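Everything below concerns the one structure shown next.
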Amino acid sequence: MSTDAPSKDGTTALFETEDAYVSDLLSYSLERLNKEPELLKADTDRIERHLQEVAVKHYRSFITAAECVKTVHAEVNQVNEHLKELLEGLPALEQGCREFSQGAEQITTKRALNKQMLNCHGTLLDLLEVPQLMDTCVRNGNYDEALDLEAFAAKLAVLHSNFPVVVSLKAEVKAISQSMLQQLLHRLQSSIHLPECLRLIGYLRRMAVFSEREMRQNFLQCREAWFTVVVEELDRANAYDFLKRLTDCHRMHLFDVVMQYRAIFSDDTSQSEDSTHDGGLLYSWGMHRVCAYLREVELALPAIAEGSALASVLDHCMYCGLSLGRVGLDFRALLPDLFQSSVCALVTKQLDRTVDVLEQSMEQHRWVALPAVSSENMLYGGAEEGAGPPYSLMEHPPVAVFTNGVLAALNELRHCAPVATRSHLAAALHECLRQGASTLSRYHATHTLRDSDATLFHALVRAYSEVAAPYLATCFGRIYTGDSALVDSQTAMLPLKDLMSRAAAAAAEEEVPATTNSSTTLSTPVKVKTPVASKKPTQVEADEKEPETK
């Protein structure tokens, strides 16, 4: 519009000039009109000359102007091209502006959220620190605070379940809750008392992860794990000490666990088979522990080689059963079978060893007549008649050694003499006497003896059959009062029937000479404690203290 305005003004001025000239022509005279062409021509020439002069004088300006026009024209063309490109780029610019506007809106929204988060920074920080704070409480044993935090997180998850941060918070709290659950169960597997048990079960109930039955099962499983560790840590090198400690462990800890269970689950109806919560869990577990204890006792008893130790262990086990009987776990009726087998094995082993010793003694014996032992040479000072072994056996060392071995077995038996094993032990003693007789008979059949040696051998046979065997049967009867008839010494001497006849005939012909050789074997039969009392010949020490299994 700025370029059109000058051209319009010039045209208007031209028209005005023409009108003025025409008006002047109309006012001229004829002569003046005739001269007008010449005047116009003269003006034209003058103007042309003037133009020429001006052109010559200002030709550089014209050239510069022409060049300028050319340059302006080129630049105008470039501007036109740029304008076209600008017009083509305007839609993209518009789209970019629109996208920028949208991005600006998003940024504005985020800025508003960030501003709001900044205003709630303290609250958000507290929420994000809940898992870490709960973990710290669990590690330090502050379970009450940890459970409060768990309840807070659960409530928050219910109110704002669509927020990702709340969902993440709930997942982290749940993981820490599982860690706390494992820690509580691990605490139940340690040595703890009733107040601590009550506190831990209270925490588990607040967590609400177990039903009532599952809670009871987990409690018993944890206590069982702890009980197993306690038993495994016992030293098994010495069977006697191990059984004493094992019994003490069950007497104290098993009683404590049952009392803890009853105190924690006060509505215990485990004695009833119709219990909906318990179902007999307590007594099933108690039976399991008692059976495990009896298995340990059964495995360890064969390693005890002394009757006094067996009696002590039996007393300890009986006391444990009596103590546990207060909570319904009296197992004393199950003990006799275990100890009967152990006592039988101990005595039978000792008797078998005695037969082997007799055979070795016969092979090593030198047939030398020993001096007869008078009552003045009694080695059992203060013993009444019939209370100790016959001293005539000292004239026959193999028989004395055999008698000592049997007396040692009976001494082990008198500490713990189960009534139910008397028949079996009587048969074992009878077999021992029979094997001893067989050993003497076999010795006579396999060895050639001189007349003097044969006389001494026959005297040994008579001492064995007429003195040692009846005496040992009597000793058995003193342990089991009135049961000496169970050991038939006469039938046990059947392998020596022929030798006894010869010995009786030899004794009728001449009396066995006595010699002055008293060797160290004289002390063998007197060093073994006899199974009879020192004051009352008819009273045995086993009667003074009645065996526990009777």
Side-chain angles (χ1 to χ4, degrees), residues 1-128 156 159-169:
M1 294 177 66
S2 60
T3 55
D4 293 340
S7 59
K8 186 175 179 180
D9 294 339
T11 303
T12 303
L14 180 61
F15 288 157
E16 292 177 353
T17 304
E18 288 180 353
D19 292 339
Y21 179 70
V22 170
S23 298
D24 290 339
L25 287 178
L26 293 177
S27 63
Y28 290 164
S29 61
L30 181 61
E31 294 178 359
R32 180 72 176 88
L33 290 173
N34 291 327
K35 293 181 178 178
E36 185 66 23
E38 294 177 359
L39 293 174
L40 292 175
K41 185 177 179 180
D43 291 336
T44 302
D45 293 338
R46 180 176 55 80
I47 292 171
E48 287 179 357
R49 287 193 301 273
H50 180 70
L51 288 174
Q52 290 177 355
E53 291 176 358
V54 170
V56 172
K57 184 178 180 180
H58 301 283
Y59 73 94
R60 294 182 180 277
S61 299
F62 288 107
I63 294 173
T64 303
E67 292 177 353
C68 181
V69 170
K70 184 178 180 181
T71 302
V72 169
H73 182 71
E75 290 181 354
V76 167
N77 292 334
Q78 291 180 357
V79 169
N80 290 331
E81 292 179 358
H82 291 164
L83 288 175
K84 291 180 180 179
E85 294 177 357
L86 178 61
L87 292 175
E88 294 175 356
L90 283 178
L93 177 62
E94 183 180 3
Q95 181 64 26
C97 291
R98 189 179 296 109
E99 292 177 355
F100 175 78
S101 177
Q102 295 175 355
E105 291 179 358
Q106 294 177 359
I107 292 174
T108 303
T109 304
K110 291 181 179 180
R111 182 177 180 277
L113 292 176
N114 291 335
K115 185 176 180 180
Q116 184 179 3
M117 184 177 65
L118 181 62
N119 295 332
C120 302
H121 177 266
T123 305
L124 292 175
L125 187 62
D126 293 339
L127 290 177
L128 296 176
L156 195 66
L159 296 176
H160 307 287
S161 59
N162 56 338
F163 290 168
V165 65
V166 175
V167 174
S168 175
L169 179 67

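Atom set for the values below is all heavy atoms of this structure, side chains included, hydrogens, waters and symmetry mates excluded. On a predicted model such as this, the values are computed, not experimentally measured, just so you know.
Residues Leu169 and Leu127 come closest through the heavy atom pair CD1-O, 3.4 Å.
Annotation: side chain of Leu128 is in contact with side chain of Val165 (closest heavy-atom distance under 4.5 Å).
Taken from SG in Cys97 to CG in Leu90, the straight-line distance is 9.5 Å, to the nearest 0.5 Å. Considering NZ of Lys35 and OG of Ser29, their distance stands at 8.0 Å, rounded to 0.5 Å.
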List the atom pairs, with distances to 0.1 Å, where a side-chain N or O of residues 101-120 and a protein N or O form a donor-acceptor pair under 3.5 Å, not counting sequence neighbours.
from, atom 1, to, atom 2, distance (Å)
Thr108, OG1, Ala104, O, 2.6
Thr109, OG1, Glu105, O, 2.9
Asn114, ND2, Lys110, O, 3.3
Asn119, ND2, Lys115, O, 3.2

Counting only pairs under 3.5 Å, give me each side-chain donor-acceptor contact of residues 37-65, with atom names and distances, residues two or more places apart or in other chains.
from, atom 1, to, atom 2, distance (Å)
Thr44, OG1, Leu40, O, 2.7
Thr64, OG1, Arg60, O, 2.8

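For Glu18, the CD atom counts as densely surrounded, since its 6.0 Å shell holds more than 12 non-hydrogen atoms of other residues, nucleotides or ligands.
Evaluation of the salt bridge (Lys or Arg N to Asp or Glu O under 4.0 Å) test over residues 75-97, restricted to residues two or more places apart or in two chains, returns Glu94-Arg98.
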